[in-house]
Amino acid sequence: MKKTVAALSRLGIAAEEDALPSSAKRFPDGAQYRIEIPSVETPEALSAVLEEADRQKVLIHRASQGSGIMMLTDAELTKMLKIAKDAKIELSLFVGPRAGFDTTPQPFTSAGKVIGGSLRGGSQLVYAVEDVRRGCALGLRSVLVADLGLLWILTELKKAGELPPNLVLKISILLSVPNPATAHVLELLGAGTINVSPDLSLGQLSTMRGAVAAPLDVYVEVPDGFGGYIRTFEVPEMIRVASPVYVKLGLRNAPDIYPYGEQLRTVALAMSRERVHRARLVLDAVQRYAPESVLSKSGAAGLGVPEC
């Protein structure tokens with residue numbers, strides 16, 4: 001963009017200072033960024049994502065889901081894991097029960113929304129661990145965590161050998177990570193990849209990167225419920241200052257489909273395919289403005305590819 005910046009400068013219009021340091025941190029394979037498609041709720045949706053990715057020439061590294069392991073039968077879960085394994089991608093499934101599913105209206109009040117992804121009481125902690133155990137027994141190797149206590153418990157169970165040592169504990173956007181101190185604490189507790197607040201500036205992302213080594217999951221198109229931002233042009237700089245980064249494609253003007261059910265099938269499949277199209281737009285922007293950026297290859301080291 002240097003020519004445009006120079007042209008605007010001659011007209012007396014200054015761009016923001018380009019003085020942020022480049023991150024020297026990388027994924028285990030030496031790459032700077034990977035692509036994540038979220039809200040992939042079923043085996044059919046995962047197949048649709050991979051078919052569209054093949055058509056659009058988009059390399060997908062991770063597909064994630066928001067409804068929860070508990071919303072899939074063993075047969076559905078096994079099929080989804082097999083699809084992901086064959087494609088050499090990480091499949092990250094949300095831990096099922098949460099406050100938003102429980103017998104309380106608080107998550108639906110203006111002030112109470114903050115607890116929506118948290119777990120209420122000891123029983124929900126038990127249910128959550130059971131959800132993870134079931135997924136892992138079938139071959140799942142990545143789970144979405146939105147509760148601080150659950151993160152600690154799952155890390156301890158990994159240490160004790162009760163959960164797979166290579167299980168990726170992925171922090172959900174529902175567990176707010178707006179500053180580097182919070183990110184640091186989560187990493188100390190065992191977070192393997194951290195979904196940061198989607199409204200962070202490039203400077204704030206740079207500061208976040210300085211505090212942790214774990215990959216940052218950054219929504220570059222944000223669901224309406226979190227603001228609806230579309231930050232395509234910023235992605236090349238995000239990669240430079242905050243790598244390693246999972247570039248995550250949400251979708252604006254799309255309904256909240258959690259928990260997913262057959263009544264939402266048509267819209268969910270359309271949304272899954274459109275997220276891949278959005279990923280293509282982002283990859284084009286990266287190629288246009290920062291072609292030196294390094295994208296992980298298929299099946300790269302560190303991915304929570306299913307073992308089924």
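These numbers come from a predicted model, not from an experiment.
Side-chain contact between L59 and I35 is absent, with no heavy atoms from C-beta onward closer than 4.5 Å. For the pair L283/Y33, a side-chain contact is recorded, criterion being any heavy-atom separation below 4.5 Å from C-beta on. Counting only heavy atoms from C-beta outward, the side chains of R34 and L303 approach each other to under 4.5 Å. Between R62 and D217, some side-chain heavy-atom pair lies under the 4.5 Å cut-off. The closest side-chain heavy-atom distance from L77 to L93 is below 4.5 Å. Residues L295 and H61 have side chains in contact (heavy-atom distance under 4.5 Å, counting atoms from C-beta outward). For the pair L50 and I89, the minimum side-chain heavy-atom distance is below 4.5 Å. Side-chain contact check for L169 versus K158: some heavy-atom pair is nearer than 4.5 Å.
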For this session: Check the pair E52, R55 against salt bridge (Lys or Arg N to Asp or Glu O under 4.0 Å), reporting the backbone distance first and the verdict last.
Result: CA-CA 5 Å; E52 188 66 16; R55 192 178 74 83; 2.7 Å; yes
Exercise. Which is it for S172 and N195 under the side-chain contact (heavy atoms from CB on, under 4.5 Å) test, yes or no, and what are the steps along the way?
Worked result: CA-CA 6 Å; S172 164; N195 201 139; 5.9 Å; no
Exercise. What do the steps show when you test R265 against E44 for salt bridge (Lys or Arg N to Asp or Glu O under 4.0 Å), and what is the final call?
Worked result: CA-CA 9 Å; R265 177 179 178 274; E44 185 181 18; 2.4 Å; yes
Problem set entry | Residues Y246, E90; criterion side-chain contact (heavy atoms from CB on, under 4.5 Å); working and verdict | CA-CA 12 Å; Y246 278 96; E90 179 174 317; 4.0 Å; yes
For this session: Could you please spell out the steps behind the side-chain contact (heavy atoms from CB on, under 4.5 Å) verdict for R141 and C136?
Result: CA-CA 6 Å; R141 291 298 180 266; C136 289; 4.1 Å; yes
For this session: Just do the side-chain contact (heavy atoms from CB on, under 4.5 Å) check on E237 and L20 with the steps written out, would you?
Result: CA-CA 9 Å; E237 278 294 278; L20 295 173; 5.5 Å; no
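Enclosure of atom OH in Y127 is not indicated, since only 12 or fewer non-hydrogen atoms of other residues, nucleotides or ligands lie within 6.0 angstrom. The neighbour count for K79 NZ, taken as heavy atoms of other residues, nucleotides or ligands under 6.0 Å away, does not exceed 12.
One N or O on the side chain of K85 and one on the backbone of C308 form a donor-acceptor pair closer than 3.5 Å. Checking side-chain atoms of R278 against main-chain N and O of G250 turns up no donor-acceptor pair under 3.5 Å. For T78 (side chain) and A75 (main-chain N/O), no donor-acceptor pair under 3.5 Å exists by modelled atom type. With hydrogens and angles disregarded, no donor-acceptor distance shorter than 3.5 Å links the side chain of Q124 to the backbone of P97. Put simply, the side chain of S243 gets close to the backbone of K25: a donor and an acceptor are under 3.5 Å apart. Although no hydrogens or angles enter the test, the distance criterion places no donor-acceptor pair under 3.5 Å between the side chain of D131 and the main chain of V95. In this structure a side-chain-to-backbone donor-acceptor pair under 3.5 Å is missing from E187 to G190. Checked by atom type and distance alone, the side chain of S296 never pairs as donor or acceptor with a backbone atom of A31 at under 3.5 Å. Using modelled atom types, no side-chain atom of S206 and backbone atom of L202 make a donor-acceptor pair closer than 3.5 Å. No donor-acceptor pair under 3.5 Å is formed between the side chain of D102 and the backbone N or O of T104.
Expressed to the nearest 0.5 Å, how far CG of L151 lies from CG of L189 amounts to 5.0 Å. Distance check, rounded to the nearest 0.5 Å: CG of L46 to NZ of K82 gives 12.0 Å. Separation of atoms CD (E130) and CD1 (I69) is listed at 11.0 Å; rounding is to 0.5 Å. Distance check: L144 CG to L150 CG gives 11.0 Å after rounding to the nearest 0.5 Å. In this structure, the separation between OG on S197 and CD1 on I173 is 7.5 Å, given to the nearest 0.5 Å. For the atom pair CG (N179) and NE2 (H184), the distance works out to 11.5 Å, reported to the nearest 0.5 Å.
Hydrophobic cluster membership is shared by V132 and L140, with clusters built from Ile, Leu, Val, Met, Phe, Trp and Tyr side chains linked at under 4.5 angstrom. L72 and I37 fall within the same hydrophobic cluster, where Ile, Leu, Val, Met, Phe, Trp and Tyr residues are linked whenever their side-chain heavy atoms come under 4.5 Å apart, directly or through other members. Each of V168 and V177 belongs to its own hydrophobic cluster when Ile, Leu, Val, Met, Phe, Trp and Tyr are linked at side-chain heavy-atom distances under 4.5 angstrom. Under the 4.5 Å side-chain heavy-atom criterion for ILVMFWY residues, a single connected hydrophobic cluster contains both L186 and L125. Both L174 and V222 belong to a common hydrophobic cluster when Ile, Leu, Val, Met, Phe, Trp and Tyr are linked at side-chain heavy-atom distances under 4.5 angstrom.
In this structure, a donor-acceptor pair under 3.5 Å is present between the side chains of E274 and H277. One side chain, S92 or S142, offers a donor N or O that lies under 3.5 Å from an acceptor on the other. A donor atom on one side chain and an acceptor atom on the other are found under 3.5 Å apart for N166 and E307.
When ring centroids are compared, Y258 and F101 stay outside the 6.0 Å threshold.
Here the closest heavy-atom approach between residue L157 and residue V129 is recorded as CD1-CG1, 3.7 Å. Summarising the geometry of I171 relative to A191, their closest heavy-atom pair is CG1-CB, 3.6 Å, with the distance given to 0.1 Å. Across all non-hydrogen atoms, the minimal contact from N253 to D224 is N-OD2, 2.6 Å. The two residues P107 and G116 make their nearest non-hydrogen contact at CB-CA, 4.1 Å. Residue R252 comes nearest to E221 through the heavy atom pair N-OE2, 2.9 Å, listed as atom of the first residue, atom of the second, then distance. Nearest heavy atoms, L251 versus A254: O-CB, 3.6 Å.
The pair R133-E162 meets the salt-bridge criterion, since a charged nitrogen lies less than 4.0 angstrom from a carboxylate oxygen.
The side chain to side chain contact (heavy atoms under 4.5 Å, CB included) with V220 is formed by just one residue from the set T232, V245, L281, L249; it is L249. With S64 as reference, E36 is the one residue of K170, E41, E36 to meet the side-chain hydrogen bond (donor to acceptor under 3.5 Å, both in side chains) rule.
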